[in-house]
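First the structure, in the form of structure tokens, and then the observations on it.
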Amino acid sequence: MTAIITRFAPSPTGHLHIGGARTALFNWLLARQRGGRFVLRIEDTDALRSTAEYTQAILSAMTWLQLDWDGEPVYQSRRADLHRQYIDKMVEKGQAYWCHCRPEDLEARRQKALAEGGKPKYDGLCREKGLGPAPGAVVRFKGPEEGETGWNDLIKGPVVFDNRELDDLILLKSDGMPTYNLAVVVDDVTMNITHIIRGDDHVNNTPRQIQLYHALGARLPFFAHVPMILGADKTRLSKRHGATSVMAYREMGYLPQALTNYLARLGWSYGDQEIFSLEEMRKLFNLDHVGRSAGVFNPEKLNWLNSHYIKETPLDELGALVWPYLAARGYERPADDLLAKIMATVRERGKTLPELAEKAGFYFQSPPELDPRAAAKVLTPENLELLREMRASLGQALTAEDFENLLRRLAEARGVKLGAIAQPLRVALTGQTASPGLFEILEILGPAQTQARLDAVLK
RNA sequence: GUCCCCAUCGUCUAGCCCGGUCCAGGACACCGGCCUUUCACGCCGGCGACAGGGGUUCAAAUCCCCUUGGGGACGCCA
């Protein structure tokens, strides 16, 4: 059995988006699982819209997601000569022909066909004219006029198109550049791609591409069309549904494992299992279990996965990940072990990295910003008096455990519940009524900081 | 308009290919309870779906047909 070769072929006309990331992931998974190759091809034949910046952004997004590719990325634009050779050969063999129809005329005829209830396809005007090259001319594929073209899609099953539905697609643009459909086929053939996993929106291109494979005498690859990802309103995921680029999710504080796990599970399943490391997916992934219907992107579930992976991240790593968000708030960097201890107290209280930074904010503000409603409710005259009385004894403990014993004894001595003295202290130290565990906070703040915060409230 | 694809809880899905084990299982979200110094986490419980209609069959979420609904494509974009 020969090794499989898959590819991801984004066009650098924008950032890597959620849908693209998923097709990349599936291609990567299949290749890695079967010991094959996963190659990256940048489809930059649209000179107007493709940029080097987007190319870079796509590469870094892939790297962030830990989807490594084999060899150097292939730039489609640099293969234009090769594409041109194939086109010339097809013209020579009578498989393609020069067409002199002008874009405006074409558009007019399309509109007319549409108005008459027909399909807006090329009418074949130049097909039998035997024209040659000319300024503004294009080369079209001479497709079969009858019969059917179909394939057995690895995800969708058998798909068949009537050849009469297909028109003579352009292979060479008037600017001398190959079109997408031609370039893709020539590249996939010459790069020996065995499995093409791509978005659903390409099924309509597939019969045309298959005809090109036939014309080229090339062996067909396997096709697998992954369903679209939709927004909450069930239309194609777009900007107005919120962030769509992978890097935007990185900035919003999502972990790459959460995103790949979510994306894999959106469409693919393995029984009831929800949590998969990249390593695990790689073992278990299977195109048979990729669903056929479109899926709605659900940020809530992504959040859940993100908090799961946040809880799994070692504290020192988590500290490093959250630090940039803390720094953005203008805080000073604490020692690594202290930052790790802080993370331990907040990591179950936030779903994204910036949320963690927000929950940890009070540690870094001295005194912390006092929530007026918390103050009004909890820092009553009686409670302030209570804090004043407790102030000295708080200097006698050092560890969270000691603080717990101390406060429990104090509560017992006064004949009140722990909460009665914990809440005023919490508000004094954090400015909030909701916070991480009070004993841990006391340990982290230390005696001096604790006294300073009490002083600020009691002055 | 034409063609292609799709259709199980609000959402992601298991089950469908090989009909009975499914008065349909899991997860997110939501609601309730427990735990508890607060908030979370965690645990327990609840709500909630086979789009509709015809067939085939002793039996259909599972097979077939139609309808409806949704998505996609119809570019000298990729």
Side-chain angles (χ1 to χ4, degrees), chain A residues 9-13 43-46 48-50 76 99 101-103 106-107 110 113-121 136-140 153 156-157 159-162 164-167 169-181 183-184 199-207 225 227-228 230 232 234-236 262 265-275 288-289 291-305 307 311 345-350 359 374 378 404 407-408 411 417-423 425-427 430 432-439:
Chain A
S11 70
T13 54
E43 309 222 316
D44 54 352
T45 50
D46 183 352
L48 249 44
R49 296 191 298 153
S50 301
Q76 193 163 58
C99 168
C101 294
R102 299 185 323 176
L106 252 21
E107 186 53 30
R110 260 197 292 270
L114 214 45
E116 288 167 358
K119 197 169 171 78
K121 52 180 248 184
V138 301
V139 172
R140 284 182 187 273
D153 198 280
K156 296 187 174 298
V159 183
V160 183
F161 282 77
D162 190 319
R164 278 170 297 227
E165 288 298 324
L166 281 15
D167 62 1
L169 76 162
I170 292 175
L171 304 178
L172 184 74
K173 304 186 229 173
S174 59
D175 66 359
M177 287 294 276
T179 58
Y180 163 76
N181 278 303
V184 165
D200 221 346
D201 47 342
H202 285 292
V203 293
N204 293 276
N205 288 322
T206 306
H225 288 95
M228 302 271 87
L230 311 177
K234 305 229 178 187
T235 62
R236 197 183 178 138
Y262 178 73
R265 216 28 213 81
L266 211 196
W268 171 72
S269 64
Y270 184 75
D272 285 342
Q273 191 171 337
E274 296 286 350
I275 306 289
D288 292 346
H289 282 91
R292 289 173 300 277
S293 54
V296 173
F297 185 81
N298 180 205
E300 297 290 347
K301 191 148 184 179
L302 210 209
N303 281 341
W304 173 71
L305 282 165
S307 42
K311 283 177 228 157
T345 69
V346 294
R347 73 157 145 192
E348 287 178 351
R349 280 161 238 266
K359 304 278 184 197
V378 180
E404 172 156 14
L407 290 175
R408 287 196 188 280
K417 286 192 171 176
L418 183 56
I421 64 175
Q423 268 316 77
L425 192 51
R426 180 190 316 283
V427 172
T430 70
Q432 307 282 328
T433 52
S435 80
L438 187 57
F439 316 130

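Keep in mind that this is a model prediction, so the values were computed, not measured. Within every chain, numbering begins at 1; the chains are lettered A, B, ... in the order of the sequence lines, protein sequences first and strands thereafter.
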At a cut-off of 3.5 Å, list every protein nitrogen or oxygen paired with a nitrogen or oxygen from nucleotides 71-75 of chain B, distance to 0.1 Å.
| residue | atom | partner | partner atom | Å |
| --- | --- | --- | --- | --- |
| B/G72 | O3' | A/Arg236 | NH1 | 3.4 |
| B/G72 | N2 | A/Asn204 | OD1 | 3.4 |
| B/A73 | OP1 | A/Arg236 | NH1 | 2.7 |
| B/A73 | O4' | A/Asn204 | ND2 | 3.1 |
| B/G75 | OP2 | A/Pro120 | O | 3.3 |

Could you tell me which residues satisfy side chain to side chain contact (heavy atoms under 4.5 Å, CB included) with [X], sequence neighbours excluded, listed by chain and number?
| X | answer |
| --- | --- |
| A/Lys173 | A/Asp175, A/Met177, A/Thr179 |
| A/Thr206 | A/Trp151, A/Arg198, A/Ile210, A/Phe223, A/His225 |
| A/Ser11 | A/Thr13, A/Glu43 |
| A/Arg236 | A/Asp201, A/Met228 |

* **For A/Lys417, salt bridge (Lys or Arg N to Asp or Glu O under 4.0 Å) partners two or more places apart** =>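 With neighbours one apart ignored, the set is empty.
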
* **Set of salt bridge (Lys or Arg N to Asp or Glu O under 4.0 Å) partners for A/Arg349, sequence neighbours left out** =>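 By the salt bridge (Lys or Arg N to Asp or Glu O under 4.0 Å) rule, A/Arg349 matches no residue at all.
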
Every protein N/O lying under 3.5 Å from an N/O of nucleotides 23-25 of chain B:
| residue | atom | partner | partner atom | Å |
| --- | --- | --- | --- | --- |
| B/G25 | N2 | A/Asp272 | OD1 | 3.0 |

Could you pull out the protein-nucleic contacts involving nucleotides 60-68 of chain B (nitrogen or oxygen on both sides, under 3.5 Å)?
none

Report all interatomic pairs (protein N or O, nucleotide N or O of nucleotides 45-53 of chain B) with separations under 3.5 Å.
none

* How does protein contact run along nucleotides 35-44 of chain B, one letter per nucleotide 5' to 3', with B for base contact, S for sugar-phosphate only, - for none, heavy atoms under 4.0 Å? -> --BBBBSS--

* Asked: Which residues satisfy the side-chain hydrogen bond (donor to acceptor under 3.5 Å, both in side chains) test with A/Arg140, sequence neighbours excluded?
  -> none

